[in-house]
Participant: 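I have a structure I would like to understand better, so I am pasting it below and will then ask my questions one at a time.
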Number of protein chains: 2
Amino acid sequence: MNLEIASRQLEALGNPTRLQIYRTLVRAGPAGLPVGGLQERIGIAASTLSHHLKRLVETGLVTQERHATTLICRAHYPAMNALIGYLADECCADAGCVTADAAAGGVST
Amino acid sequence: MNLEIASRQLEALGNPTRLQIYRTLVRAGPAGLPVGGLQERIGIAASTLSHHLKRLVETGLVTQERHATTLICRAHYPAMNALIGYLADECCADAGCVTADAAAGGVST
DNA sequence: TCCCTATTTCGACAATTGTCGAAATTCAGG
DNA sequence: CCTGAATTTCGACAATTGTCGAAATAGGGA
């Protein structure tokens, strides 16, 4: 993970529509969602969705799997974990930011 | 933390120049860096730096403190922690993404 | 083979972004 | 009050983005 990749992934998530897409995929769980289902839930033009989805796939944050004509999309957790790791590293490498009351896992102790 | 705030912060970090600015501030530690020092290290026009810095301050990722004519900039860790918490939450809320070999703390076990 | 459904590609468009240099502003010191 | 240094604001510019509808493509089933 380097600055260029990280910034590209952050940029991908930094658009409200794309973050919503990603969020929806996470909520959908391991089963994932077809592009059409995603479109129903989010309510944007299919072409727009396809455009955003391509960005998320290119950055590795989302994976796709064909089932006949249907494309199943899934959040790709390892990529997110690597990104979070990079951010945590950038944030905590030199400084002791133990003020983390926001982290889910409770890293302190 | 909601989707709108998160996406704005992610977008702020999603530009290579701004991520580099943030990274430099983190590396500078709690003492922070004046805008001029930042400019020397990064090598962009002062106006461009000011523009990016404003974005980072607006989103709460960076704080500034005046010392006479000098503006000291610092990475604001709580904001980053909240953002990481949001991402981790979005990623892990419903799914068991224990594949985290990238997280700094080692959440598994 | 022909059709139907799911998805992508193709223009097109307004809006935003990233960058710069020049000018304006702010603030302390003499 | 004037000077000098630090930073921001002001245009300006090309480049990218986000969005849409229409047309093209892909892939299976009758």
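These values consider heavy atoms only, across backbone and side chains, with no hydrogens, waters or symmetry-generated copies. In this text the structure is predicted, and so the values were computed from the model without any measurement. Chain A is the first sequence line, chain B the second, and so forth, proteins listed ahead of strands; every chain is numbered from 1.
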Participant: Grab the CD-C1' distance between A:E11 and D:dT16 for me, whole Å please.
Facilitator: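 So the CD-C1' distance, A:E11 to D:dT16, works out to 9 Å.
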Participant: Atom CD of B:E40 and atom P of D:dT7: how far apart are they, to the nearest Å?
Facilitator: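 For the pair B:E40 CD and D:dT7 P, the rounded distance is 10 Å.
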Participant: With the threshold set at 4.0 Å, does a side-chain nitrogen-carboxylate oxygen contact exist between B:R8 and B:E58?
Facilitator: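 Result for this pair is no, no salt bridge flagged.
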Participant: What nucleotide among C:dA28, C:dT17, D:dT17 has an atom nearest to a side-chain atom of A:R55?
Facilitator: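 Looking only at side-chain atoms, A:R55 lies closest to D:dT17.
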Participant: So do the side chains of A:C73 and A:L53 get within less than 4.5 Å of each other, counting heavy atoms only?
Facilitator: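 Of all side-chain heavy-atom pairs linking A:L53 with A:C73, at least one is under 4.5 Å.
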Participant: Take the protein atom CG of B:L53 and the nucleotide atom P of C:dT17, then report the distance between them rounded to whole Å.
Facilitator: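 The answer, rounded to whole Å, is 17 Å.
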Participant: When you check the phosphate oxygens OP1 and OP2 of D:dT17, does a side-chain N or O of A:N15 lie under 4.0 Å from one of them?
Facilitator: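 No.
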Participant: Has the side chain of B:T59 got a donor or acceptor atom that lies under 3.5 Å from a matching backbone atom of B:R55?
Facilitator: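 Checked: pair present.
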Participant: Starting at atom CD of A:Q64, determine the distance to atom C1' of C:dA6, rounded to an integer number of angstrom.
Facilitator: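 A:Q64 atom CD is separated from C:dA6 atom C1' by 12 Å.
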Participant: Looking only at the side chain of B:R18 (C-beta and beyond, no hydrogens), which of the listed nucleotides C:dC27, C:dG18, C:dC20 gets closest?
Facilitator: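 Taking heavy atoms from C-beta onward, the closest nucleotide is C:dG18.
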Participant: Need one value for A:Q39: base, sugar-phosphate or nothing, where a base atom within 4.0 Å counts as base even if backbone is also close, heavy atoms only.
Facilitator: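 No contact.
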Participant: Rounding to a whole Å, what distance do you find between B:L49:CG and D:dA6:P?
Facilitator: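 Rounded to whole Å, this separation is 14 Å.
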Participant: Ignoring backbone atoms, establish whether A:H52 has a side-chain N or O less than 4.0 Å from OP1 or OP2 of D:dT19.
Facilitator: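 Answer yes for this pair, as a side-chain N or O of A:H52 is under 4.0 Å from OP1 or OP2.
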Participant: Quick one: B:K54 NZ to D:dT7 C1', roughly how many Å, whole number?
Facilitator: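 Rounded to the whole Å, the gap is 12 Å.
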Participant: Specify the residue among A:H51 and A:T69 whose closest nucleotide of DNA chain C lies further upstream toward the 5′ end.
Facilitator: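 This one resolves to A:T69.
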Participant: B:E65 CD to C:dT26 P: how many Å, rounded?
Facilitator: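 Whole-Å distance recorded here is 20 Å.
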Participant: Side-chain contact, heavy-atom cut-off 4.5 Å: B:Q39 with B:L49?
Facilitator: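 Contact flag for B:Q39/B:L49 side chains = yes.
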Participant: Determine whether a donor-acceptor pair (one donor, one acceptor, N or O, separation below 3.5 Å) exists between the side chain of A:T48 and the base of D:dG18.
Facilitator: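 It does not, because no donor-acceptor pair links the side chain of A:T48 to the base of D:dG18 below 3.5 Å.
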Participant: Hey, what do you get for CG (A:L13) to CZ (A:R18), rounding to the nearest 0.5 Å?
Facilitator: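 Reported value, rounded in 0.5 Å steps: 8.5 Å.
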Participant: Kindly say if B:T17 contacts the phosphate of C:dT19, meaning a side-chain N or O under 4.0 Å from OP1 or OP2.
Facilitator: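 So the side-chain polar atoms of B:T17 do come within 4.0 Å of the phosphate oxygens OP1 or OP2 of C:dT19, strictly under.
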Participant: Any idea which of C:dC20, C:dT7, D:dC20 is nearest the A:A45 side chain?
Facilitator: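 The listed nucleotide nearest to A:A45's side chain is D:dC20.
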Participant: How many whole angstroms separate atom CG of B:L56 from atom P of C:dT17?
Facilitator: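 Taking CG of B:L56 and P of C:dT17, I get 14 Å after rounding.
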Participant: Which residue, A:H67 or A:I44, contacts DNA chain D at a nucleotide closer to its 5' end, judged by nearest heavy atom?
Facilitator: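 Of the two residues, A:I44 wins.
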Participant: Indicate, with a heavy-atom threshold strictly under 4.0 Å, whether B:A46 touches base, sugar-phosphate, or nothing.
Facilitator: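 Base, at least one base heavy atom under 4.0 Å.
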Participant: Any idea which of D:dT9, D:dT8, C:dT7 is nearest the A:T70 side chain?
Facilitator: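 Among D:dT9, D:dT8, C:dT7, the one nearest the side chain of A:T70 is C:dT7.
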